[in-house]
Number of protein chains: 2
Amino acid sequence: MLLELRHLRSLQAIYQGGSLARAAEQLHLTQSALSHQIRSLENYYQTPLYLRSTKPLTLTPAGLKLLALAQQVLPEVDATDRQLRSYAQGESGRLFIAIECHACFEWLIPVLDRYRQAWPEVEIDIRLGLNFEPIAALQKGEVDLVISSDPQAHKALSFEPLFDYEGLLALAHDHPLTAKKYIVPADLADQTLVTYPVERKRLDVFSRFLQPAGVEPANVRQAELTAIILLLVTTLKGVAVLPDWVLKESMSHNRFTTRPLGKAGMHGTLHAAVRRNESEAAFIQGFIALGKRAMDDVIVHYAE
Amino acid sequence: MLLELRHLRSLQAIYQGGSLARAAEQLHLTQSALSHQIRSLENYYQTPLYLRSTKPLTLTPAGLKLLALAQQVLPEVDATDRQLRSYAQGESGRLFIAIECHACFEWLIPVLDRYRQAWPEVEIDIRLGLNFEPIAALQKGEVDLVISSDPQAHKALSFEPLFDYEGLLALAHDHPLTAKKYIVPADLADQTLVTYPVERKRLDVFSRFLQPAGVEPANVRQAELTAIILLLVTTLKGVAVLPDWVLKESMSHNRFTTRPLGKAGMHGTLHAAVRRNESEAAFIQGFIALGKRAMDDVIVHYAE
DNA sequence: GAAAAACATGAAGTTTACTCATTTAATTTT
DNA sequence: AAAATTAAATGAGTAAACTTCATGTTTTTC
């Protein structure tokens, strides 16, 4: 196959310019170069592309076919080319986000709404981290940013802190445990614990609170949606551990209260993990900047 | 712009093969060549296209964009490429036919029906030669074959004879001129002549019969369709000169008869004019072969 | 019919793309 | 863990391709 984009560009330029000479000028070539180029194409296809008997060259049927191809293909190529250039400048790109924690939806959706307005060129998607290891997926390029609560030293990945949170026990106003100033693991031994339907190792309550103390709740029940978990809590069907931002959001509207886990509380920091070589890209930094301010309006809400 | 089809082909091969080495083999290149090629692309776009940290190379978002382009564009390019190759071999091509004579429709349509079946790849169109000079259009590549009755020596065009015809005067059974064995120009001086609506110089009656004798018919009336002309003839509204094949077709169904023009009759030969360099193309020869046999079934009809 | 415009041609020069040989890195095996 | 294996990167040399330059033809215009 001899045909290259270069040839299609030449054909288009000749068509637009009406002559080899003008096309050559537009393409920053000499007329001779174009003549050679066309000749080599004609040679390759064993058929003339232009009628030489007329002086402003006119296309043969074969030439017309090629020109039609040029006019179909070149715009597509140019569009992709432009897009890739802007990728490099960080003005646009692909931002596929994987989240490990279900609760993160509560702040992520509003953040993405704002992000879309600021970075309209960026292709956004959310991958719920149920079936796969988000960090591995990040390395493999399946996703471009992972919201994670346990940063790790990694040569190819960089973890940027977003904001601190505290895991709080949510319980109904009239729940017996409201009597306590803070919760210790043993308090949950006779309770029903409501969680998101994910592996235990991904749930802070287990990995950081119950398992170190060797405590198992009387019952564990799962619910997909935050609203349902809170409903179960207010109706005394169980207790749940959720990040503070979720609870602050809903506290005023629901009849439940919160207690810290342990005397000092169970604190953590949410991080955005990205591939190190992309971490400086403007559209990535733009997301992180918005992510760091995700709690701003939640706290305003809380203050009411 | 650095991007060429070559790069898109490489991306596709790497995607299909799964590795540089296999792709290189498929493309008849070395692994090194591919590595250099990819690197130059990455250099140009200032962004990696593959993640090097994984061993079977995986695409970055930017790489995916390019691959998507490749998969969209390459099939189109390949299709055109194949088509152009077959152009050269004469198996396919474009056959835009210009006809100078209205009456030619009568035999051309059935011929084209047969032609389409034999040459399904050929793109067919008919351009009615009302507004333009068909021979000039042929030279300019606007059409590819002209049905003409006056062949001329031409360096760039070749005229191939199809079949002979005779221009006959059609008149109603009860028309006074039926008394004559053959018609002389003066016979039409008091007649209404019905013709197709084209310039006189294109009508044999005028250019070869009346004008040389300096005779002008009493009246000239025009009609678009052969059927209407014949209707006018049978209803004694006028007489008309038409090629024998048209009349043979309709003779049995209509109440009219024919007389030769002049003692010897006004004979001619229809030719197919094509560009000389295309005249040997198989799909052109195929049409001419069918054209030469166009009268075969007409004559059968006449014999009934 | 001469002048001008447009394209073709061929040799020379330059860029570019490819190959070869080797090194480096990642993955698998022992 | 270390060795072996597979896969990709690198760099210099080479060959090919594209371009230019200078000039020759052909077509068109005046």
Side-chain angles (χ1 to χ4, degrees), chain A residues 1-11 13-45 47-60 63 136 138-141 154-157 275-277, chain B residues 1-11 13-44 47-60 63 136 139-141 154-157 275-277:
Chain A
M1 164 88 61
L2 178 141
L3 190 66
E4 285 292 348
L5 290 179
R6 168 167 26 92
H7 299 112
L8 296 184
R9 291 188 195 288
S10 297
L11 282 170
I14 294 169
Y15 174 71
Q16 283 170 2
S19 78
L20 287 200
R22 254 192 301 283
E25 199 174 343
Q26 186 192 319
L27 295 169
H28 304 293
L29 292 179
T30 60
Q31 170 267 322
S32 173
L34 274 188
S35 181
H36 281 295
Q37 204 177 83
I38 299 300
R39 159 161 296 270
S40 88
L41 268 186
E42 292 181 327
N43 229 46
Y44 174 71
Y45 286 120
T47 184
L49 300 177
Y50 291 91
L51 291 172
R52 311 312 166 99
S53 47
T54 65
K55 211 57 202 223
L57 254 46
T58 53
L59 287 157
T60 62
L138 179 59
Q139 268 194 273
K140 288 182 184 165
H154 199 295
K155 50 187 172 329
L157 304 181
R275 286 181 290 276
R276 197 173 289 285
N277 59 346
Chain B
M1 165 86 61
L2 179 140
L3 189 67
E4 284 292 348
L5 290 178
R6 168 167 28 95
H7 299 112
L8 296 183
R9 289 186 197 291
S10 297
L11 282 169
I14 294 169
Y15 174 71
Q16 281 170 2
S19 77
L20 288 199
R22 252 192 302 281
E25 199 173 344
Q26 187 193 316
L27 295 170
H28 305 292
L29 292 178
T30 60
Q31 170 268 320
S32 173
L34 276 188
S35 181
H36 282 294
Q37 204 176 84
I38 300 299
R39 158 162 298 272
S40 89
L41 268 186
E42 293 181 328
N43 228 45
Y44 173 70
T47 185
L49 300 177
Y50 291 92
L51 291 173
R52 313 309 167 99
S53 47
T54 64
K55 209 55 200 230
L57 254 45
T58 53
L59 286 157
T60 62
Q139 268 194 273
K140 287 183 185 165
H154 199 296
K155 50 188 167 345
L157 303 181
R275 285 180 291 275
R276 197 173 288 285
N277 60 343

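Numbers restart at 1 for each chain; the letters A, B, ... are given by sequence-line order, proteins then strands.
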Listed pairs under 3.5 Å, donor-acceptor, residues 31-44 of chain A side chains, sequence neighbours left out:
{"from": "Q37(A)", "atom 1": "OE1", "to": "S10(A)", "atom 2": "OG", "distance (Å)": "2.3"}
{"from": "S40(A)", "atom 1": "OG", "to": "Q37(A)", "atom 2": "O", "distance (Å)": "3.0"}
{"from": "E42(A)", "atom 1": "OE1", "to": "R52(A)", "atom 2": "NH2", "distance (Å)": "2.3"}
{"from": "E42(A)", "atom 1": "OE2", "to": "L49(A)", "atom 2": "N", "distance (Å)": "2.8"}
{"from": "E42(A)", "atom 1": "OE2", "to": "Y50(A)", "atom 2": "N", "distance (Å)": "3.3"}
{"from": "E42(A)", "atom 1": "OE2", "to": "R52(A)", "atom 2": "NH2", "distance (Å)": "2.3"}
{"from": "Y44(A)", "atom 1": "OH", "to": "R85(B)", "atom 2": "NH2", "distance (Å)": "2.3"}

Is the shortest side-chain heavy-atom distance between Q139(A) and T54(B) below 4.5 Å? no
Side chain T60(B), main chain P48(B), donor-acceptor under 3.5 Å: yes
I want to verify a distance call: between dT9(C), dT27(C), dC18(D), whose nearest atom is closest to the R39(A) side chain? dT9(C)
Between dC18(D) (C1') and L2(B) (CG): distance, integer Å: 15 Å
Under 4.0 angstrom, heavy atoms only, what part of the nucleic acid is S53(B) near: base, sugar-phosphate, or nothing? sugar-phosphate
Starting at the 5' end of DNA chain D, which residue's closest nucleotide do you reach first, S40(A) or T54(A)? S40(A)
Give the rounded distance in Å between these two atoms: CZ of R22(A) and C1' of dA6(C). 10 Å
Whole angstrom is fine here: how far is it from CG in L20(A) over to P in dT27(D)? 15 Å
Letter by letter from the 5' end, nucleotides 20-25 of chain D scores (B base, S sugar-phosphate only, - none; protein heavy atoms under 4.0 Å) BB----
Residues in side-chain hydrogen bond (donor to acceptor under 3.5 Å, both in side chains) with Y15(B), at least two apart? none
Using a cut-off of strictly less than 4.0 Å, decide whether Q37(B) has a side-chain nitrogen or oxygen near OP1 or OP2 of dA17(C). no
Taking atom C1' of dT15(C) as reference, at what distance in whole Å does atom CD of E4(A) sit? 16 Å
Side chain of R6(B) only, heavy atoms from C-beta on: which candidate in dA8(D), dA6(C), dA17(C) is closest? dA17(C)
From OH of Y44(B) over to P of dT16(C), roughly how many Å is that when rounded to an integer? 13 Å
Side chain of E4(A), backbone of R6(B): donor and acceptor closer than 3.5 Å? yes
